[in-house]
Amino acid sequence: MGPGTRLEIGGAGLGHAKTNVVAKEEFMRNPRMLALIAGPLLCLTVAMMDTPAGLTMAGQRSLAVLALCVTWWVFTPVGLPVTSIMGLALLPLMGAMEASQAFALFGNQAVFFVIGVFLVAAVMMETGLSSRVSLICLRRLAKNESQLCNGVLFVSWALCTVIVSHAVAALMLPIVLELVRTLGLGPRSRTAKRLLLSMAWGTVAGSNLTLLSSARATLSLELYGSYLVEHGLDPAPIGFLEYSLGAVPVSIASVLMAAAVLRITFPPEGLDLAPALAQLNTRVSDMGRVSGRELSTLGVVAAMIVSIVLFGREQGMGTVALFFSAILFAIQTLKWEDAERYVNWGVAMMYGGAIAIGSALHSTGATAWLIAQVMPAADVDPWMALGSAVVATAGMTELVSNSAVIAVVMPVLLPVAEQVSLDPRVFAWSAPISAGLAFMLPTSTPALAMVFGTGHLRIRHTLPGFVITLFSLVVFMVAARWLWPLVGLPVTP
């Protein structure tokens, strides 16, 4: 018994050893786990190295915090909000910024505007107003396969005018899946793939319509405003209408090219759409007449948009958005328990931390030092600089959350503007617009992740999205060169 027992124990120990080796190998092969360790190590390395000439100690510590955040934002070993919270905590702990200043930046207008945007999406979805609009539009367009698919594309795109894009995706996906089921479309169906991608690409293109379409644009404008204030420059705030004038041409180009690419890539199969039309009619009938809640929601949201356009600059868009959000609660159109299901508090927390980190980089001179090291002394053509920036940003957003891309690139791009003779406002538009051109990979946007999760799509089906991105970037450069100056958006000072 003794030897046998020892052998059994030894065998168990050997098994545990093998298990540990396998676990370590799996750990080493997992880039997220490696990034979890690499981020803090890189942070400590940057913080403890000798301070380079021309860089302050506070600036060095700011770059150390940025090194950790970029590593975690790119590989996401933890959630994006967690990374921003960590960065916010490290700024005062490492001496990059006073705690009171860092936490004050967390409560800026951009954070509360984002919360207001989510509340607007919540009330439109909770009251059924957005579903009613979507179903009625699709019912009118369900004449043939191409019209139905284009209907999904353009309805998804248009809804992003007033609803944040990933909320539109969450609203439209069940409707599209119901159409796929009603038509009896299998995983190999071209029409099923076209319907799903119409929803996803419509919301991606629509995310560049207005400041209500995505939260990343608000983050970009806030980082731009903070940069100007810290450098003693005229804030020259960018308003709701002004931003849309710069972004809409690219958004329209994206959705039109998406329609063309989908038609060529997934041609019609000759389906009978009678079952789908009957299903849409049934859904609309089941909703009954327009309710008082829907009408009051429509009125408050319309008044909010008008007020943001007229008073957003002077009063702050966050102030206006919260005021009308409070009205929705006051008239009992939206209850707090319902709002909690729709508001992405993590996004708001992520933005607050990202703004604090960006402000620390500016105020300590870290970004100015960094640009001085990497920017060649010779003059750089401003159009070449702008083109390189938008291409790099669009490429990054296929792999990283577009919000994280803005947090990474804006602190670097804004100081570049002065050195290459670009109006700093151009990057307040170019960064969020190009960060929204994510048409290929499921890692880029929630909408694409959702449709990949249905099992109907593979990466090869979304690779034609590269054509949409390329075409949109060309339209962006054309608009920046000739259209923007006509509407008062000069690229060069």
Side-chain angles (χ1 to χ4, degrees), residues 121 124-125 130-142 144-183 185-187 189-209 213-214 251-252 254-266 268-269 271 273 276-277 279-280 283 342 402 436-459 461-465 468-469 472:
M124 293 191 70
M125 296 176 73
S130 53
S131 296
R132 183 184 297 276
V133 172
S134 304
L135 291 169
I136 290 175
C137 291
L138 290 177
R139 183 179 63 175
R140 294 179 180 277
L141 294 169
N144 55 56
E145 288 175 65
S146 290
Q147 286 189 21
L148 177 61
C149 293
N150 287 335
V152 171
L153 176 70
F154 287 103
V155 168
S156 301
W157 174 76
L159 284 175
C160 292
T161 304
V162 292
I163 306 177
V164 65
S165 59
H166 65 260
V168 173
L171 164 72
M172 292 294 295
L173 182 60
I175 297 175
V176 172
L177 289 176
E178 191 170 342
L179 290 173
V180 170
R181 181 188 61 79
T182 302
L183 291 170
L185 304 179
S189 169
R190 296 194 301 267
T191 303
K193 294 177 176 59
R194 185 176 175 185
L195 281 169
L196 289 165
L197 276 180
S198 293
M199 183 281 293
W201 284 353
T203 58
V204 172
S207 70
N208 275 328
L209 276 170
S213 307
S214 72
S251 181
I252 293 175
S254 298
V255 75
L256 292 177
M257 180 55 72
V261 169
L262 286 168
R263 176 63 177 79
I264 295 171
T265 308
F266 306 106
E269 298 176 280
L271 300 174
L273 295 188
L277 183 58
Q279 180 64 27
L280 291 172
R283 286 284 301 271
Y342 296 101
N402 47 40
L437 302 177
F439 294 93
M440 287 185 287
L441 302 181
T443 53
S444 56
T445 63
L448 279 171
M450 289 178 193
V451 296
F452 269 91
T454 65
H456 286 268
L457 294 165
R458 298 290 182 269
I459 297 294
H461 299 132
T462 56
L463 287 181
I468 308 173
T469 299
S472 301

Worksheet entry | Side chain proximity check, Leu197 to Leu448, heavy atoms < 4.5 angstrom | yes
Item to complete: State, yes or no, whether a side-chain contact exists between Ser207 and Cys160 at a heavy-atom distance under 4.5 Å.
Response: no
Worksheet item: Ion pair present between Glu178 and Arg283, side-chain N to carboxylate O less than 4.0 angstrom?
Response: yes
Worksheet item: Can you tell me how far the CD1 atom of Ile163 sits from the OG atom of Ser213, to the nearest 0.5 Å?
Response: 10.0 Å
Worksheet item: Just how far is it from atom CG of Leu195 to atom CG of Leu173, taken to the nearest 0.5 Å?
Response: 11.5 Å
Discussion item. When you compare the side chain of Ser134 with that of Leu171, does any pair of heavy atoms fall below 4.5 Å?
Written reply: yes
Discussion item. Whether the Ser254 and Trp157 side chains hold a donor-acceptor pair (N or O, under 3.5 Å, no angle test) is what I'd like checked.
Written reply: no
Item to complete: Please name all residues satisfying side chain to side chain contact (heavy atoms under 4.5 Å, CB included) with Leu138, sequence neighbours left out, ordered by chain then number.
Response: Val152, Val155, Met172, Ile175, Leu280
Worksheet item: Atom CG in Leu209, atom OG1 in Thr161: separation rounded to 0.5 Å?
Response: 4.5 Å
Discussion item. Rounded at 0.5 Å granularity, tell me how far CD in Glu145 sits from CG in Leu273.
Written reply: 6.0 Å
Worksheet item: Heavy-atom distance under 4.5 Å between the side chains of Val261 and Phe439, does that happen here?
Response: no
Worksheet item: So, does Thr469 use its side chain to make a donor-acceptor pair with the main chain of Leu437 at under 3.5 Å?
Response: yes
Fill in: Side-chain heavy-atom pair Val180, His456 within 4.5 angstrom cut-off
yes
Worksheet item: Within a strict 4.5 Å, meaning less than it, do heavy atoms of the Leu153 and Met199 side chains meet?
Response: no
Worksheet item: What heavy-atom pair brings Thr203 and Ser165 nearest, and what distance separates the two atoms?
Response: O-CB, 3.6 Å
Practice prompt. Ignoring hydrogens and angles, tell me if any N or O in the side chain of Thr462 forms a donor-acceptor pair with the backbone of Ile459 under 3.5 Å.
Written response: yes
Worksheet entry | Spatial distance of atom CH2 (Trp201) from atom CE (Met257) [nearest 0.5 Å] | 11.0 Å
Discussion item. Tell me whether Ser251 contacts the main-chain N or O of Ala205 through its side chain, where contact means a donor paired with an acceptor under 3.5 Å.
Written reply: yes
Fill in: Minimum heavy-atom distance Gly465-Met440, with the two atoms named
C-CG, 3.9 Å
Worksheet item: Are Arg263 and Cys149 side-chain neighbours, meaning at least one heavy-atom pair lies under 4.5 Å?
Response: no
Worksheet item: Does the side chain of Lys193 come within less than 4.5 Å of Leu196's, by heavy atoms?
Response: no
Practice prompt. List in chain and number order the residues that pass side chain to side chain contact (heavy atoms under 4.5 Å, CB included) with Ser189, two or more places apart in sequence or in another chain; answer none if no residue qualifies.
Written response: Leu185, Thr191, Ala192, Glu269
